[in-house]
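Because only heavy atoms are used, hydrogens play no part in the values below, and waters and symmetry mates are left out as well, while side chains stay in. Naming: A, B, ... by sequence-line order, numbering from 1 per chain. None of these values were measured; they are calculated from a predicted model.
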2 protein chains.
Amino acid sequence: MSQTPPSSNDSAAADGAVQATPAFSPLYQQIKVLILQSLQDGEWKPGEAIPSEIELAARFRVSQGTVRKAIDELAAENLLVRRQGKGTFVATHAEQHVRYRFLRLIPDSGDVDTEGPAQREVLECKRARASADIARTLGLRTGDPVVQVRRILSFGGVPTILEDLWLPGNAFKGLNAGQMAGYHGPTYAMFEVEFGVRMVRAEERIRAVAADAQQAMLLKVEQHTPLLSVERVAYTYNDVPMELRRGLYVTETHHYRNELS
Amino acid sequence: MSQTPPSSNDSAAADGAVQATPAFSPLYQQIKVLILQSLQDGEWKPGEAIPSEIELAARFRVSQGTVRKAIDELAAENLLVRRQGKGTFVATHAEQHVRYRFLRLIPDSGDVDTEGPAQREVLECKRARASADIARTLGLRTGDPVVQVRRILSFGGVPTILEDLWLPGNAFKGLNAGQMAGYHGPTYAMFEVEFGVRMVRAEERIRAVAADAQQAMLLKVEQHTPLLSVERVAYTYNDVPMELRRGLYVTETHHYRNELS
DNA sequence: AAGTGGTCTAGACCACAAC
DNA sequence: TTGTGGTCTAGACCACTTG
């Protein structure tokens with residue numbers, strides 16, 4: 001960790017490109033990258049505590065304040081969770097207060113708790129080969145192995161979400177319907193435990209569509225009922241796409257909630 | 001600004017309630033409130049620079065680092081914008097890179113720039129009285145004066161958004177169709193300039209609905225076409241609601257983009 | 001009591017923008 | 001050259017958790 005000056009750019013020349021601007025990178029950003037690296041490498045697993053700020057400061061040969069700023073940013077990105085008096089922990093989808101952080105559909109009453117968690121029914125869970133567009137969004141090649149899942153989520157017995165998931169076959173070897181249905185808690189928490197894959201962020205594209213005959217049957221609504229089409233790409237560390245998900249949401253008694261700021 | 005100790009709780013007893021925990025509030029939070037107060041009071045207007053960190057530190061009798069932390073949080077909330085070497089500025093909807101920050105509908109191509117800004121057609125702009133539910137969400141009483149606007153936004157000549165807006169009559173006295181249609185740039189930027197109202201954050205509830213006869217006609221689509229229903233409540237400083245907006249989005253060539261993290 | 005994160009300070013220096 | 005925000009440090013002390 002060079003300190004004086006804070007190395008203009010530590011990254012080894014990956015290719016022959018020459019940067020006109022040396023891209024000054026603050027020390028705390030370099031520390032952030034190092035911590036991120038340890039997270040990726042699984043040195044600290046979801047739910048575990050990472051070393052204390054003082055330990056990390058010693059390890060990286062910087063002041064506690066610099067480590068603090070790096071951790072602050074990682075906490076702001078929901079990769080770490082700070083708990084005063086206890087330590088800093090690797091974020092996980094299994095925590096109570098962030099459960100279903102990525103599920104934005106809530107009952108119109110707003111009272112998520114009375115409803116409880118969704119009931120899951122797995123219709124299909126099979127190995128397949130990636131089509132061209134699925135391969136593209138998952139960063140694979142056409143024909144590469146993928147796991148495909150189709151399921152229905154119900155709230156209070158009412159089928160509300162029909163979802164198709166595509167996952168890279170290599171990372172999710174051995175995923176089966178039993179796991180998808182049996183795990184208690186968010187699917188993403190199961191992915192962490194069973195496959196060591198932690199979803200960090202996601203992008204969604206939302207449209208309004210009309211239910212076709214099959215979709216209407218599965219969701220127990222009239223054909224042509226307007227549905228929310230939610231296409232999600234979820235990413236692990238380092239912006240690596242690890243899931244494509246296409247969902248159809250019934251919005252009779254629920255709505256998709258979003259906060260703009 | 002009490003410093004030793006950092007006043008356990010400065011707020012005067014608003015009611016007779018006794019707090020079991022004194023609710024320790026860090027100095028920088030108190031500074032944050034003071035800055036927020038100045039923003040609300042219009043001491044610094046959108047687009048203007050606020051005093052330098054050193055000046056604010058002197059004014060509040062704290063160190064620069066404490067002011068910095070307060071400003072950091074306000075910048076993270078998009079209330080202030082820092083520009084190295086120049087100063088810290090009050091955020092505004094008129095800035096180029098945050099224009100239409102609250103409009104999440106983008107063309108499927110993803111290329112927002114080729115499309116350019118929306119064409120606005122104001123169908124209606126009238127004074128009215130708040131119905132019960134509109135009064136409730138705007139924090140008014142039923143029958144209080146409101147301004148109601150109906151308009152259509154088109155992209156490349158294609159009508160895409162049909163919107164109804166309700167605004168508190170007192171704050172938006174004198175708003176007329178000419179202003180709504182004539183202003184170049186985001187409507188929220190016009191609100192800042194003409195009425196001194198800055199929208200800080202908003203909540204949206206999204207559903208899929210079918211176009212009725214009138215909506216279909218106005219948006220030039222088939223009746224029963226699935227549309228995205230977006231109900232937004234926008235807030236100024238201090239979580240005061242200042243706008244209710246009900247929009248219907250055509251999602252044939254556009255989609256609502258959302259980022260989860 | 002010991003260890004963790006959280007706050008606050010003061011000072012030095014760097015990067016950027018404007019004059 | 002000056003003034004702004006941005007980084008980095010070192011140390012003191014506070015608040016929270018656990019033993």
Side-chain angles (χ1 to χ4, degrees), chain A residues 1-10 19-35 44 48-76 79-91, chain B residues 1-10 19-35 44 48-76 79-91:
Chain A
M1 195 55 45
S2 62
Q3 252 168 291
T4 47
S7 65
S8 54
N9 204 350
D10 257 351
Q19 283 184 282
T21 309
F24 162 77
S25 154
L27 238 194
Y28 76 88
Q29 287 286 3
Q30 302 176 36
I31 303 299
K32 196 177 154 187
V33 169
L34 292 176
I35 296 175
W44 315 304
E48 289 179 8
I50 70 171
S52 75
E53 296 180 351
I54 292 173
E55 278 179 89
L56 289 173
R59 166 162 158 184
F60 298 135
R61 314 286 195 80
V62 297
S63 77
Q64 186 187 0
T66 301
V67 170
R68 171 176 293 277
K69 180 138 189 179
I71 292 179
D72 277 345
E73 292 210 348
L74 291 169
L79 298 184
L80 296 176
V81 177
R82 320 194 70 146
R83 293 201 201 119
Q84 187 173 138
K86 299 179 74 173
T88 302
F89 299 77
V90 182
Chain B
M1 195 58 43
S2 61
Q3 254 169 289
T4 46
S7 62
S8 55
N9 204 351
D10 259 350
Q19 282 185 280
T21 308
F24 162 76
S25 154
L27 239 195
Y28 76 87
Q29 288 285 3
Q30 302 177 36
I31 304 299
K32 196 177 154 186
V33 169
L34 292 176
I35 295 176
W44 315 304
E48 288 179 8
I50 72 171
S52 75
E53 295 180 351
I54 292 174
E55 278 180 88
L56 289 173
R59 167 164 159 184
F60 298 134
R61 314 284 195 81
V62 298
S63 78
Q64 186 187 0
T66 302
V67 171
R68 172 176 294 277
K69 181 139 187 179
I71 292 178
D72 277 346
E73 292 209 348
L74 291 169
L79 299 184
L80 297 175
V81 177
R82 320 193 71 147
R83 294 201 200 117
Q84 185 172 133
K86 298 177 76 172
T88 301
F89 299 78
V90 182

For nucleotides 2-5 of chain C, give me every protein contact, N/O to N/O, under 3.5 Å, one pair per line with atom names.
| unit_1 | atom_1 | unit_2 | atom_2 | d |
| --- | --- | --- | --- | --- |
| dG3(C) | N2 | Gly85(A) | O | 3.1 |
| dT4(C) | O2 | Gly85(A) | N | 3.4 |
| dG5(C) | OP2 | Glu53(A) | N | 3.0 |

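The CZ atom of Arg61(A) sits 17 Å away from the P atom of dC8(D) (whole-angstrom rounding). In this structure, Leu27(B) places its CG atom 16 Å from P of dC13(D), rounding to the nearest Å. Per the geometry, CG belonging to Leu56(B) stands 13 Å off C1' belonging to dT4(D), to the nearest Å. Here the P atom of nucleotide dC8(D) and the CD atom of Glu73(A) are 11 Å apart, to the nearest Å. When the C1' atom of dT9(C) is taken as reference, atom CZ of Phe60(B) falls 18 Å away, rounded to whole Å. Note: NZ (Lys69(A)) to P (dC14(C)) measures 18 Å, nearest angstrom. One can place OH of Tyr28(B) at 14 Å from P of dA15(D), the figure rounded to the nearest angstrom.
Minimum atom distance to the side chain of Ser63(B) is reached by dA10(C), of the listed dA10(C), dT7(C), dC8(D).
Atom CZ of residue Arg59(B) and atom CD1 of residue Ile31(B) lie 10.0 Å apart, to the nearest 0.5 angstrom. Taken from CG in Leu56(A) to CD1 in Ile50(A), the straight-line distance is 5.5 Å, to the nearest 0.5 Å. Here the straight-line distance linking atom CG of Leu80(B) with atom OG1 of Thr88(B) works out to 7.0 Å at 0.5 Å rounding. Interatomic distance, Lys32(B) NZ to Leu27(B) CG, rounded to the nearest 0.5 Å: 14.0 Å.
Considering all non-hydrogen atoms of both residues, Ala70(A) and Ile35(A) come closest at CB-CD1, 4.4 Å.
Here Glu55(B) pairs with nothing under the salt bridge (charged side-chain N to carboxylate O under 4.0 Å, His left out) rule; sequence neighbours left out. Every residue two or more places apart in sequence or in another chain that forms a side chain to side chain donor-acceptor pair (under 3.5 Å) with Gln64(A) is listed here: Glu53(A). With sequence neighbours excluded, the residues forming a side-chain contact (heavy atoms from CB on, under 4.5 Å) with Tyr28(B) are Pro26(B), Thr66(B), Lys69(B), Glu73(B), listed by chain and number. Residues satisfying the side-chain contact (heavy atoms from CB on, under 4.5 Å) criterion with Arg83(A), sequence neighbours excluded, are Val81(A), Lys86(A), Phe89(A), Glu95(A).
Two end axes, each from the C1' atoms of five base pairs, can be drawn for the helix from dA1(C)-dT18(D) to dA18(C)-dT1(D); they diverge by 10°, to 10 degrees.
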